[in-house]
Visitor: 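Pasting a structure below so you can have a look.
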2 protein chains.
Amino acid sequence: MSAQLIEEELFEATDHLVQLQTMVEEADDKQTADFINDLTAAEIARLLSAFPPKERVALWALITPENRGHVLVASSDNIREQLLSQMGAKAVLRICRTLSSSDMVWILSVVNDTIAEAVTLALDNEQREQVQSVLAYDEDQVGRYMNLDTVTIRADVRLEVIQRYLRISGGLKHGNHDLMVVDIDGVLVGTLNVIDLLNGEQSAQVSEYMNEPQSIFDTASVDELMVYSRAAHLNFVPVVDGEGVLLGQINAEDINELSIERAEATMMNMAGIGENSELFSGIRSGVQNRSTWLGINLITAFLATWVIGQFEEVLAQVVALAILMPVVASMGGIAGSQTLAITVRGLAMGQIVGSNRSWLLNKELWIGLINGLVWALVVALLAHLWFENSAISTVIGAAIWINMAIASIAGVIIPMVLHRMGQDPALSGAVILTTVSDVVGFMSFLGLATVFILQ
Amino acid sequence: MSAQLIEEELFEATDHLVQLQTMVEEADDKQTADFINDLTAAEIARLLSAFPPKERVALWALITPENRGHVLVASSDNIREQLLSQMGAKAVLRICRTLSSSDMVWILSVVNDTIAEAVTLALDNEQREQVQSVLAYDEDQVGRYMNLDTVTIRADVRLEVIQRYLRISGGLKHGNHDLMVVDIDGVLVGTLNVIDLLNGEQSAQVSEYMNEPQSIFDTASVDELMVYSRAAHLNFVPVVDGEGVLLGQINAEDINELSIERAEATMMNMAGIGENSELFSGIRSGVQNRSTWLGINLITAFLATWVIGQFEEVLAQVVALAILMPVVASMGGIAGSQTLAITVRGLAMGQIVGSNRSWLLNKELWIGLINGLVWALVVALLAHLWFENSAISTVIGAAIWINMAIASIAGVIIPMVLHRMGQDPALSGAVILTTVSDVVGFMSFLGLATVFILQ
């Protein structure tokens, strides 16, 4: 019974998926619709993402109009696009009417321009202005992600008045735990946390309990927001314009979602696959989103083979070189990607700055030299036991040492340079690094062999 | 001025690091101490992590005793261990006295057993029991991470009474937005969010506003907590024992930190480096934490070379095979790691369950076959233009097709099997996959060449 209970409680979420799979197989639409519409929007979105495209569209048809908007907002870009692609302006408008202006942006940014325009025109003035102001930001600007439903208060009001005001207006929504304190011009002067509102002396003024605002500009990049919020452990960030006027706020939930998405995107990018790739996408989109990287990889692979091709003569004479060749490239590749991974994380955390850069470079060079030497000796010994040829073992040892040292340094320098150029260090970093370790590895191994072994 | 302002506001966090670097260089201890002790514990921890070990220890000496405990709790395991390693039982006890029982666990789990015992003995009975109960859990069990400072209330009390109680007791801390509703036996019956406490009718009872608890067992694994909280979009999770008695709670901040840590650990593991590796570690620990993976990689690399060695004869006859060989392994490697990355993410999100497994496998096989065919033709063409030998181009095309299709399937199956075995699919998945794509690649390419080209 206890094990049963554990299953039930712990995997309730997973269970929902299994339950839904069974219902879909049984094709009982009524029961499926009742089941799915009873869940939260976030959970429906997650369940939809775990079905193949065809089943997903069938399930979508069972979701009630009131739920649809929120489910779309909670879905990933790809799925949102897929589900919206089959709707006309009228259906999109009906969905938008159930959403706040900030949420509507998620819908309107993926439908085609004609529909977006038609829907925007049909909104009331206030909503239209809000939607247009958010859509005016770029996709990597903070303004695009801000929540417009801020609750603003004044610094000289008593806490008990604020409490009464909140109760009447119902202003504070779940997930929003901070009130924004603004002056008469709308300039943000502080924030008040609900815990202080609750625990504080009720006859005291807001100013006694408010915190200094740690805000961000609407035009800042999402990357900056991530480093900033992570560094200062912020769980919400007010968004202000150049004059300090409050425009909106980024809530804890958004920060967390963005952080996890970013960390996963880094992982996906380093593995050579687009960050928006869905597990349960169709075959066609699966083929497409992997092709870019396979194409780029082919170019770098042929660059490496071209290097090898330059040493045809020595390869033809000493077949052991062809056999051992992959070891040199592979050890350099691992040494480099280790350094790359740790540097990419350091950049995301805003740790690499100022005078610690040269310390880091120096440290990685030493690690590369020491590790390189150790593994060079091991490989040389193994090669010697295999081929019993001291020239070959010396050459492979030297090549491994050179390649691991250079790859280690490259693993620090490449992401730093890409970051400074405003590029994603994870995405192009991995491919550049592989190219470096392949080219350096083959060149040093076969080059040294040509000098010392070729007769 | 505006640009200046942007710099100041946006990069305040990064600026702190630069400022601190300057102060350390100027060696003005008084000024440095004043500056650093004015920051939050989380920020001090972050700044410490961005200094090399020697400077870090020097900075640590400037941190006031009141700050030290909280800074250690906010630091990563490695840094906590480094800083604590030079302290005696007395110093550790002084630090523990500034912390709650749940936080103390972070200290006591990294000091040596003698010190941990001495400190535990010196605590008062209640704290000792709490600390011991938490330390009794494994490091991957939820109980180890729970916060014991829950605020418990009864369902039949009026909201206004709760508010008064909170004000007097000061019970609700920042970052904790939910009250636990328990019955007379301590069994969790619901939770009350502060927003509902604020907005609700004050003369109504808690039961009218409380939510059904979505709790987790103390013995559940952290992995289960992650899938569960992510799937249901929970931002706090009450922890209960087998009888449903409330033991503690996991707060939003902990969930987020664990999620980001997990996502980053996946990225690091796939790149072949331990998840606890610090960017600013010393050279020795840098060498150590990379060695394991380099050693494992060496074994798999030699396995691949052994495969190549079996085809010495054909390699000696046709040098073009040695030149083109890396392309086959590399294309298979990318195809496989793309599938691996997307499957690992799906597993972390609890998406892969029940009947969608076979759909997924089928889809990936098709993607591998289609992509494999496309790139096989491209490579065959390029090889033909280079070597003008149709046997070679046919053989490499066939080998690429075989390797990419098998690697794609392996990219789904390997992480699924590892996950079911309770292993981390990211960590060993990448190395197993590389082995598969190397071995299959070399074997199919050189094997086909032996059959069709060897004279």
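Not measured: the values here are computed from a predicted model. Atoms considered below: every heavy atom in the structure, side chains included; atoms not considered: hydrogens, waters and symmetry mates. So that the names make sense, note that chain A is the first sequence line, chain B the second, and so on, each numbered from 1.
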Visitor: Does the ring center of A:F51 lie less than 6.0 Å from the ring center of B:W359?
Guide: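 Ring centroids of A:F51 and B:W359 are no less than 6.0 Å from each other.
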Visitor: Please answer whether the main-chain N or O of B:A271 pairs with a side-chain N or O of A:S337 as donor and acceptor at a distance below 3.5 Å.
Guide: yes
Visitor: So what's closer than 4.5 Å to chain A heavy atoms on B:N176: side chain, backbone, both or neither?
Guide: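 For B:N176, backbone heavy atoms alone lie under 4.5 Å from chain A.
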Visitor: Using only atom types and a distance under 3.5 Å, with no angle test, would you say the side chain of A:N356 pairs donor to acceptor with the backbone of B:P52?
Guide: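 Between the backbone of B:P52 and the side chain of A:N356 there is no qualifying donor-acceptor contact (under 3.5 Å).
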Visitor: So which part of A:N199 gets closer than 4.5 Å to some heavy atom of chain B, the side chain, the backbone, both or neither?
Guide: both
Visitor: Should B:L294 and A:M404 count as side-chain neighbours, where that means a heavy-atom distance under 4.5 Å?
Guide: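 B:L294 reaches A:M404 side chain to side chain.
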Visitor: State whether the side chain of A:R167 and the backbone N or O of B:L198 hold a donor-acceptor pair below 3.5 Å, judged by distance alone.
Guide: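 Pair found, side chain donor or acceptor close to backbone of B:L198.
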Visitor: Need one label for A:E25: side chain, backbone, both or neither, based on atoms under 4.5 Å from any heavy atom in chain B.
Guide: side chain
Visitor: Which atoms of B:V378 are under 4.5 Å from chain A, going by heavy atoms: the side chain, the backbone, both sets, or neither?
Guide: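 Interface part for B:V378: side chain.
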Visitor: Excluding sequence neighbours, so at least two apart, what forms ring pair (Phe, Tyr, Trp, His ring centres under 6.0 Å) with A:W306?
Guide: none
Visitor: Can you find a pair of side-chain heavy atoms, one from B:I195 and one from A:K173, that are under 4.5 Å apart?
Guide: no
Visitor: Between A:K363 and B:G286 (side chain of the first, backbone of the second, donor and acceptor by atom type, cut-off under 3.5 Å), is there such a pair?
Guide: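 Absent.
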Visitor: Contact part of B:S281 toward chain A, heavy-atom cut-off under 4.5 Å: side chain, backbone, both or neither?
Guide: both
Visitor: Is a donor from one side chain sitting under 3.5 angstrom from an acceptor on the other, for A:N297 and B:S330?
Guide: yes
Visitor: Considering only heavy atoms and a distance below 4.5 Å, find which of B:M270, B:M349, B:Q317, B:Q163 pairs most often with chain A.
Guide: B:Q163
Visitor: Is A:E257 in contact with chain B via its backbone, its side chain, both, or neither, using a 4.5 Å heavy-atom distance?
Guide: side chain
Visitor: For a quick test of reading the model, state the closest non-hydrogen atom pair linking A:P326 to B:M325 and the distance between them.
Guide: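 Closest approach of A:P326 to B:M325: CG-CE, 4.3 Å.
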Visitor: Taking B:M267's backbone N and O only, do any of them form a donor-acceptor pair with A:E264's side chain (distance below 3.5 Å, no angle check)?
Guide: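 It does not hold such a pair.
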Visitor: Just list the side-chain donor-acceptor pairs under 3.5 Å for residues 340-348 of chain B, sequence neighbours left out, or say none.
Guide:
| residue | atom | partner | partner atom | Å |
| --- | --- | --- | --- | --- |
| B:T343 | OG1 | B:T339 | O | 2.7 |
| B:R345 | NH2 | A:S277 | O | 2.7 |

Visitor: Could you check whether any side-chain N or O of A:Q338 sits under 3.5 Å from a backbone N or O of B:G272, counting only pairs where one atom can act as donor and the other as acceptor?
Guide: yes
Visitor: Between A:L315 and B:A322, which heavy-atom pair has the shortest distance, and what is it?
Guide: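 That closest heavy-atom pairing would be CD1-CB, 4.3 Å.
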